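Only one structure is covered here, and it is reproduced in the block below.
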Amino acid sequence: MPEETIKSFNVGYLQVLDDEGHADKDLMPELSPGQIKELYELMVLIRAFDDKAFKLQRQGRLGTYLQVKGQEASEVGAAYALKKGDWIFPSGRDVGVLITRGHPMHMLLQYRGGDERGMKAPEGLDNFPITIPVSTHIPICTGAAWASKMRREDVVHMAFFGDGATSRADFHEGLNFAGIFKVPAVFVCENNGYAISLPRARQTAAETLAQKAFAYGFEGIQVDGNDIFAVYSAASRAVAKARKGDGPTLIECVTYRIEGHSTSDDDSRYRTKQEVEEWRKKDPVDRLEKYMKKNKILTDEYKQSVTQKTRDMVEKAVEDYEKVPPPEAADFFANTYAQPTEQLKEQMKEL
Amino acid sequence: MARLNVVQAINLALRQEMRKDKRLIVLGEDVGKSGGVFRATDGLQEEFGEDRVVDTPLSEVGIVGTSIGLAVNGMRPVAEIQFSGFLYSAYDQITTHAARIRTRSRGRFTCPIVIRSPYGGGVRALELHCESQEAILAHTPGIKVVIPSRPYDAKGLLISAIRDPDPVVFLEPMRVYRAIKEEVPEEEYTVPLGKADVIKKGTDLTVISWGAMMKYTREALEKADYNAEIIDVRTISPLDSETIINSVKKTGRCLIVHEAPRTCGFGAEIIAQINEKAFLHLEAPVERVTGFDVPFPMYKLENYYLPDERRILKGVEKVMKF
Ligand SMILES: Cc1ncc(C[n+]2csc(CCOP(=O)(O)OP(=O)(O)O)c2C)c(N)n1
């Protein structure tokens, strides 16, 4: 009996917008000029927030902060494909996702300022809190999506994580369940080249991260993560598929972390300036700007007004953040259980 | 002799043991090229190469699981878990394999690994970068749990842990990583596992602590009106009961300070042993000043959570005035 191939897989790669801002018309997702402006404004806002947060940390007004610079297209493009009522499961870097999803910026600062109250999603927003242990939220996303499926709700669940996360069991177990129970979930892997100092090649010997989905019985696709249209296009397709009941998708966004891992990281230990400069040329915001200019959606005045508006919004957020009264110790006693235990009541007296 | 901090002392211990023992390898996330997020393994890859100082994928189960495999097949791995809050997933490997291989194979296979991990709060860190899990680990027969509180012990205890024939979890108090500097001999020495250190003799009461709390407890006691005998436990498991019991028999009063939550904290075990072995010598119930039974709070509230001078001195008063 001859040996034969019984199964093979193709991993797709999607890019719509090139470095010069030319969009491929056939691949361009349906987006009105108004929507494109909205995407642009979100990306500019996130960048302004990110720069400000970094400065605040340096001035001692904020704790450890993980910059998202360079990944705005991945974060906005994916989260923008969701409707209100859908869920997100962000990881530590994903302020861009949270801002896109309406989490108040002053609360994000509050959270990074060491005050957990800042992570409480406002009523009506199904934003699961940031998960610090890498990849552990992935099976939770699967479970939450499963609940929506059991109740036949029209709700999609989207988890965000980095390339490093794909090395942990939680990722594999979460995707495996998602495939078997065909849940309405979208897994967005922001492959930004590094997990702290470790290059993506140290996470897997496989050529892509997207291909891991095939092992769990569903599709994975790789996209240019600095191309807002490619990310949005892949994400909206995946979201539509999930809504139809056709199960999960893994999207690998190939992007780059322009700054160090966090405000306490020294990236000169493990990568060259030239490498970073090469990626700066692929900047997602610049690329969208070029497109908008070419297509007469962006004028100098508009650009200026967006810069000003987003800066003001961020300044206002800082003001609001610094006005929040500090939390009281009673806060942690009150939030451990629905009802404080006898032990906690007793311990509270020691404060 | 050089004055080193805890991180430097750990680095020195690793370097010297690696020079002596070719079986020793260091592995973990970011330990190689970047030298560890706290620089504990700084310069080791330059000296010993990528095969012995290995940057692993982001996988705690992988790091601990493969370390166990390396160890049962003749290597001496020192694994780093970047923060002890990420030890939880690897706890499966620790408890189901590392702790049991000797038992399961009747000594035919053994597991001489060291798992190093920064632990504890007080450094304005993110969520889950502040955990104190010594009691959970000590509740696992088959592994040893070691916690240095200062540079000299960090070096001597780590060398003992590396040479120990059984698995050791070595928790490093992050809060005092750089807060204490002292003379650390370049020459080889060890500090034995399973031996507590009476860091100050005293007669009025026995005060027991470990890890970062040692420094703060000591400082608080300088302001107390009593002559305390202070014990640094150093090895949580196996516990040096003898040193503790002898001291409590002498003073008749005891205070335990730890930053882990109170319920089932390791203080509870120490109290149980005192009850078993020194009950009739007690002049007051043993007191505990500990963290609270809540998840470790984010940093705006951590100073309320961590035992501080006020709470420690109140604990002293309570024991003394009983
Ligand atoms: C389980 C776990 N191990 C280690 C860490 C420490 N840590 C924080 S972020 C990080 C790298 C994460 O890399 P990746 O998943 O690629 O996401 P990125 O930071 O690049 O966004 C590490 C090792 C952690 N938070 N959780």
Side-chain angles (χ1 to χ4, degrees), chain A residues 63-64 66 92 110-119 129-136 162-171 195-199 202-204 261-262 264-267 269-271 326-337 340-341 343-344 346-348 350-351, chain B residues 28-39 42 54-63 65 82-83 85-90 92 123-131 261-263 288-305 307-308 310-311 314-315 318:
Chain A
T64 309
L66 284 73
Q110 206 183 330
Y111 173 71
R112 284 299 179 200
D115 180 353
E116 202 147 36
R117 295 175 303 171
M119 215 3 84
I130 277 180
T131 291
I132 294 295
V134 168
S135 88
T136 54
D163 40 307
T166 64
S167 295
R168 279 183 43 105
D170 311 63
F171 165 80
I196 310 190
S197 72
L198 302 175
R202 191 40 57 116
Q203 301 303 338
T204 175
H261 168 73
S262 75
S264 34
D265 181 38
D266 170 12
D267 63 341
R269 285 182 163 250
Y270 53 83
R271 65 181 185 184
E328 287 170 25
D331 178 86
F332 59 65
F333 284 111
N335 286 293
T336 303
Y337 296 100
T341 61
Q343 286 78 7
L344 283 178
E346 205 174 295
Q347 290 172 20
M348 223 164 3
E350 283 178 43
L351 280 177
Chain B
E29 294 154 17
D30 309 287
V31 298
K33 206 163 181 183
S34 102
V37 294
F38 291 102
R39 306 286 172 253
D42 199 17
V54 187
D55 276 322
T56 65
L58 201 172
S59 164
E60 287 70 18
V61 176
I63 293 166
Q82 202 161 75
F83 291 89
F86 310 131
L87 201 63
Y88 293 112
S89 60
D92 183 9
V123 296
R124 289 167 58 94
L126 308 174
E127 196 200 353
L128 281 155
H129 289 62
C130 323
E131 308 288 283
R262 175 155 327 161
T263 299
R288 282 183 284 178
V289 176
T290 67
F292 300 117
D293 290 351
V294 301
F296 193 97
M298 285 187 66
Y299 77 76
K300 280 241 163 78
L301 290 178
E302 72 180 342
N303 289 337
Y304 292 107
Y305 173 91
D308 59 4
R310 186 186 59 85
R311 282 170 65 204
K314 238 170 119 179
K318 200 164 164 203

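Throughout, protein chains are lettered first and strands after them, A, B, ... in sequence-line order, and every chain is numbered starting at 1. Only a predicted model underlies this, so the values are computations on that prediction, with no experimental measurement involved. FYI, side chains are in, hydrogens and waters are out, and symmetry mates aren't considered; it's all heavy atoms of this structure.
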(request) Quick one: which of B:Asn303, B:Asp42, B:Leu128 has the most heavy-atom pairs under 4.5 Å with chain A, could you say? (result) B:Asp42

(request) With a 4.5 angstrom heavy-atom cut-off, could you sort out which part of B:Val37 is near chain A: side chain, backbone, both or neither? (result) side chain

(request) Sort B:Ser89 into side chain, backbone, both or neither according to what part of it lies under 4.5 angstrom from a heavy atom of chain A. (result) side chain

(message) More than 12 heavy atoms of other residues, nucleotides or ligands under 6.0 Å from CZ of B:Phe86: yes or no?
(response) yes

(message) Contact between B:Thr290 and B:Pro261 at the side-chain level, heavy atoms closer than 4.5 Å - yes or no?
(response) no

(message) Within this structure, what is the CZ-OG1 distance for the pair B:Arg124 and A:Thr64, rounded to the nearest 0.5 Å?
(response) 8.0 Å

(request) May I ask you to name which of A:Pro133, A:Gly113, A:Gly92, A:Pro326 has the most heavy-atom pairs under 4.5 Å with chain B? (result) A:Gly113

(request) Flag the one option from A:Met348, A:Arg112, A:Gln203 with the top tally of heavy-atom pairs under 4.5 Å to chain B. (result) A:Gln203

(message) Less than 4.0 angstrom from a charged side-chain N to a carboxylate O is my criterion; do A:Glu350 and B:Arg262 meet it?
(response) yes

(request) Provide the closest heavy-atom pair for A:Asp115 versus A:Pro327 in the form atom of the first, atom of the second, distance. (result) OD2-CD, 3.7 Å

(message) Measuring from atom CG of B:Asp30 to atom CD of B:Gln82, what distance do you get when rounded to the nearest 0.5 angstrom?
(response) 5.0 Å

(message) Please identify, among B:Ser59, B:Gly35, B:Ala125, the residue contributing the most non-hydrogen atom pairs under 4.5 Å to chain A.
(response) B:Ser59

(request) Measure distances from B:Leu126 to the heavy atoms of chain A and classify the residue's part below 4.5 Å as side chain, backbone, both or neither. (result) side chain

(message) At a 4.5 Å cut-off on heavy atoms, which part of A:Gln343 comes close to chain B: side chain, backbone, both, or neither?
(response) side chain

(request) Name the region of B:Arg288, side chain, backbone, both or neither, that has any atom closer than 4.5 Å to a heavy atom of chain A. (result) neither

(message) Can you tell me which portion of B:Tyr305 sits under 4.5 Å from chain A's heavy atoms? Options are side chain, backbone, both or neither.
(response) both

(request) Would you mind checking which part of A:Leu198 comes under 4.5 Å of any heavy atom in chain B, side chain (CB onward), backbone (N, CA, C, O), both or neither? (result) both

(request) Please look at A:Ala169 and chain B and tell me whether the side chain, the backbone, both or neither of the residue comes under 4.5 angstrom of a heavy atom of that chain. (result) neither

(request) Starting at CG of B:Asp293, measure out to OH of A:Tyr337 and round the result to the nearest 0.5 Å. (result) 7.0 Å

(message) Can you tell me which of B:Glu60, B:Lys314, B:Glu29 forms the most heavy-atom pairs within a distance under 4.5 Å of chain A?
(response) B:Glu60

(request) Heavy-atom distances under 4.5 Å only: say whether B:Glu302 touches chain A with side chain, backbone, both or neither. (result) neither

(message) If only side-chain N and O atoms count, and only distance matters, is there a donor-acceptor pair under 3.5 Å linking A:Asp265 with A:Tyr270?
(response) yes

(message) Whether the side chain of B:Tyr299 engages the backbone of B:Val123 through a donor-acceptor N/O pair (distance < 3.5 Å, no angle test) should be reported.
(response) no

(request) Name the option with the most non-hydrogen atom pairs under 4.5 Å to chain A; the candidates are B:Lys300, B:Arg310, B:Arg311, B:His129. (result) B:Lys300

(message) Using heavy-atom distances under 4.5 Å, tell me whether B:Val61 contacts chain A through its side chain, its backbone, both, or neither.
(response) neither

(request) Apply the side chain to side chain contact (heavy atoms under 4.5 Å, CB included) test between B:Met298 and each candidate in A:Met119, A:Arg117, A:Glu116; give the one that qualifies. (result) A:Glu116

